Amino acid sequence: MSPTPLHDWDVSPDQAVLLQAEFAGRIDTSSTLAKFDLIAGCDIAYDLVEPVLYAAVVVVRVADLAPVETAVVRAGVKFPYVPGLLSFREVPPLLSAWESLRSEPDLVMLDGQGIAHPRRFGLACHLGLWLDRPTVGCAKTWLVGEYAEPGPTAGDAAPLSVDGVPVGAVVRSATGVRPVFVSPGHKIDVAGAVAVTRVVLGGHRHPVPTRLAHMAANQARAAGRVDPPVV
DNA sequence: GCGACAG
DNA sequence: ATCTTGTCGC
């Protein structure tokens, strides 16, 4: 079932900023972690030469972290990359991929920030609002906030806050790797976001859901091209 | 004015 | 995000 339209996607960067300010108020980051058996990981791979992207959603079973369903769509890039406005570029194609899913994930994990964002409305928040489902942002690099280096062991975490307000955590997803920035997207609190992340760690820097989505998007890109690299 | 800036 | 092979280390 397709989600209820929240707003128009054909907007300018300036309008996008206004929309973020408007919808940030609808984000719920106080919900306690509920039962969840299926987690969907999302990621996008960009074509090297054309303004085309491949959005992938991989549903993972929490019990054994095994993938149970994969959906990928090829789409044209319709919004420029602007720090702080990533969701306007990646949410539309992810929604398309999501619609072809037959299973119903209990939570969604994305490559990007949740409320650890300049206007408290990162990629995970935006998708969460559209899907009206719990989402967690797991970014590879810093965007906003202050934090201390987390411990060296997988699972170790340190609070991430903006002006003294906790917005997430910096988590060591695996031993010996740089930490990832975890923050709630929607319908989940900071503790829940971190707890979920810890449950789906698979020994690599990226949690299993987003790791598999990343691989699926790359595979689609490799297969989606009709013209092989020319010498 | 200068520096910073998810993917 | 993306261009890129081998190589060092657990």
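Per chain, numbering begins at 1; letters A, B, ... match sequence-line order. Computed from a predicted structure; not experimentally measured. Atom set for the values below is all heavy atoms of this structure, side chains included, hydrogens, waters and symmetry mates excluded.
- Within the 4.5 Å cutoff, side-chain heavy atoms of R178(A) are placed close to those of T141(A).
- Side chain of N218(A), nearest nucleotide from dG7(B), dC5(B), dT2(C): dT2(C).
- Using a 4.0 Å cut-off, no side-chain N or O of K140(A) falls inside it from OP1 or OP2 of dA6(B).
- The side chain of T141(A) places no N or O atom within less than 4.0 Å of a non-bridging phosphate oxygen (OP1 or OP2) of dC5(B).
- At least one side-chain heavy atom of Y46(A) sits under 4.5 Å from a side-chain heavy atom of V77(A).
- Listed nucleotides: dG7(B), dA1(C), dA4(B). Nearest to the side chain of W142(A): dA4(B).
- Here dG7(B) presents its P atom at 18 Å from CZ of F88(A), a figure rounded to the nearest Å.
- Rounded to whole Å, atom C1' of dA1(C) lies 8 Å from atom NE2 of H214(A).
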Determine, stepwise, if the pair Y54(A) / R74(A) fulfils side-chain hydrogen bond (donor to acceptor under 3.5 Å, both in side chains).
CA-CA 5 Å; Y54(A) 294 84; R74(A) 181 181 195 280; 3.0 Å; yes
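- When each of dA4(B), dA1(C), dT2(C) is scored by its nearest atom to the side-chain atoms of L48(A), the top-ranked nucleotide is dT2(C).
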Run the salt bridge (Lys or Arg N to Asp or Glu O under 4.0 Å) check on K187(A) and D132(A) step by step: do they pass?
CA-CA 8 Å; K187(A) 292 194 165 185; D132(A) 188 35; 2.8 Å; yes
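- dG7(B) atom P lies 8 Å from atom CZ of R205(A), rounded to whole Å.
- For D43(A), taking side-chain heavy atoms from C-beta onward, the closest of the listed nucleotides dG7(B), dA4(B), dT2(C) is dG7(B).
- The distance from atom NZ of K78(A) to atom P of dG7(B) is 24 Å, rounded to the nearest whole Å.
- As a whole-Å value, the separation of L143(A) CG from dG7(B) P is 9 Å.
- Note on G137(A): nothing from the nucleic acid sits closer than 4.0 angstrom, heavy atoms only.
- In this structure, I44(A) places its CD1 atom 10 Å from C1' of dA1(C), rounding to the nearest Å.
- With distances taken from any side-chain atom of R221(A) to the nucleotides dA6(B), dA1(C), dG7(B), the minimum falls on dA1(C).
- Taking atom CZ on R119(A) and atom P on dC5(B), their separation rounds to 15 Å, with Å as the unit.
- Among the heavy atoms of the strands, none lies under 4.0 Å from L110(A).
- Y81(A) qualifies as a stacking partner of the dG7(B) base, centre to centre under 5.5 Å and near-parallel within 30°.
- Taking atom CZ on R211(A) and atom C1' on dG7(B), their separation rounds to 19 Å, with Å as the unit.
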Please walk me through it: do K78(A) and R89(A) pass side-chain contact (heavy atoms from CB on, under 4.5 Å)?
CA-CA 7 Å; K78(A) 297 179 178 178; R89(A) 181 182 171 87; over 6 Å; no
